[in-house]
Amino acid sequence: MSQYVSRLQRRSQAAPHRLRLHRRPRRVAMLSVHTSPLHQPGTGDAGGMNVYIVELAQRLAAINIEVEIFTRATTSGLPPTVEMAPGVLVRHIDAGPYEGLNKEDLPAQLCAFTHGVMQAWAGHRPGYYDLVHSHYWLSGHVGWLAAQRWGTPLVHAMHTMAKVKNASLADGDTPEPAARVIGETQIVAAADRLIANTAEEREELVRHYAADPAKVAVVHPGVNLERFCPADGRAAARARLGLPQDALIPLFAGRIQPLKAPDILLRAVAVLLDQRPDLRSRILVPVVGGLSGSGLAKPEGLQKLASRLGIADVVRFQPPVGQEQLADWFRAASVLVMPSYSESFGLVAIEAQAAGTPVLAAAVGGLPVAVADERTGFLVRGHDPAAYARVLCDFADDPALTPRMGEAAARHAQSFGWDTAAAATADVYVAAAQSYRRHVRSHHG
């Protein structure tokens, strides 16, 4: 008799999910432990993932999927909740000291973060969240537990993977720890669906983490096409930023860390000026971004490198800027340079192209998807500064190259709108719900 009652209880607990998960989720709990969507991209650990979460959440809300984003509080003055946009709520969770905590220290705070998430959920009725969507491996572990506790499907996006990063480390970069590899492997096995930025990332999930190919969906990140657009043109953007109109301006925009390889751009400029000293009077190299990690100081290491290379007079260091001004930097540039050692996609490459600027990038990760080689930019295999210098010389010698490729780049970027990405993500949610429902039915007979 007790076994019969227990079986009935299990079925009654599973029944609400069988009823509600046949349709598109109405409310999603989104998890971003190590970086808040409210943080300025280009500072600390804030980067493309922040932009991704903000834009995706807003576009999901526009198609009637409410999103609540759980993130770690990093200052004591933050309110418990912030309405970022209609239908998008950010919840700040106390987990560890507010300041001075590096991303590498966060695994020790996952228990505290999970406790805060569960406390927030405790005030809601059962079935309040239809689905959990976690971003990055730290969030995946919290999402794994939350999804099981709430009886919902788990969708996970890696954004970066330890095994992939460790296979292409820059000189002086620190390998990702074994604990992260183990954690990522567990999340891949636990998730109902995985979102990969590109087909190559999907293959990496299968090859490195034994992901079930049927569980991995490819959804390209998007770009805010209203914000990142050619607007009133390159000359007007240069005037607003106080930049010379006739200069060759190769731009670096992003966090200053070995993985992003801003030093390759500086070394390439040094090679170029050694070969073409006549270009010194008409080249300007802006580096827009801050140090990665908890430090927000000026990038002294890169400044010292510029001095050692003898190009300090042509390099301009700029702190991270807001999205509107970043769009102007893209418009003003002759070419955006991305010599990264690893990129799951390379969001700034699409943003620059949408603004009408070609891209010179390393042929790694998702960049061959983001950049159409020799049409909207150039892809370089390897990280030889001389190879980048040769392309920069082409831009210097052919003034029509930037506008010609820029027009093609803007057209190319039109296929990467966030509305398309949100619709595809919603389809992944439905597939995850259906998979979860089948699993519940199988488990409960």
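Any value given below was found using the heavy atoms of this structure, including those in side chains, with hydrogens, waters and symmetry copies removed.
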Please round to the nearest 0.5 Å and tell me the distance separating atom [atom1] of [X] and atom [atom2] of [Y].
X	Y	atom1	atom2	answer
R227	D328	CZ	CG	12.5 Å
S139	I69	OG	CD1	11.0 Å
S168	K163	OG	NZ	14.5 Å

Among residues two or more places apart or on two chains, list those pairs meeting side chain to side chain donor-acceptor pair (under 3.5 Å) that have a residue in [range].
range	value
residues 374-396	Q353-T376
residues 354-365	R234-T357
residues 409-420	R59-D419
residues 332-345	N197-S344, R238-S334, K260-E343, S340-E343

For a salt bridge (charged side-chain N to carboxylate O under 4.0 Å, His left out) check, start with the C-alpha distance between D313 and R280, then their side-chain angles and the critical distance, and finish with the verdict. CA-CA 9 Å; D313 56 316; R280 184 176 288 271; 2.9 Å; yes
Does the distance from a Lys or Arg side-chain N to an Asp or Glu carboxylate O, for E66 and R26, drop under 4.0 Å? no
Between the side chains of [X] and [Y], is a donor N or O closer than 3.5 angstrom to an acceptor N or O?
X	Y	value
H159	Y52	no
N50	T35	yes
Y209	E204	no

Passes side-chain hydrogen bond (donor to acceptor under 3.5 Å, both in side chains), E55 versus N224? Steps please. CA-CA 8 Å; E55 293 287 354; N224 187 322; 3.2 Å; yes
Which residue pairs satisfy the salt bridge (Lys or Arg N to Asp or Glu O under 4.0 Å) criterion with at least one member in residues 396-410, sequence neighbours excluded? R276-D397, D398-R404
Ring pair (Phe, Tyr, Trp, His ring centres under 6.0 Å), paired with W150, selected from Y436, W121, W144: W121
Counterpart residues, side chain to side chain contact (heavy atoms under 4.5 Å, CB included), relative to V428 (two or more places apart): V155, R193, I195, A217, V219
Is the charged tip of R27 near the ring of Y128: under 6.0 Å from the six-membered ring centre and within 45° of its axis? yes
Using the six-membered ring wherever Trp is involved, compare the ring planes of H220 and F416 and label them parallel, tilted or perpendicular (cut-offs 30° and 60°). tilted
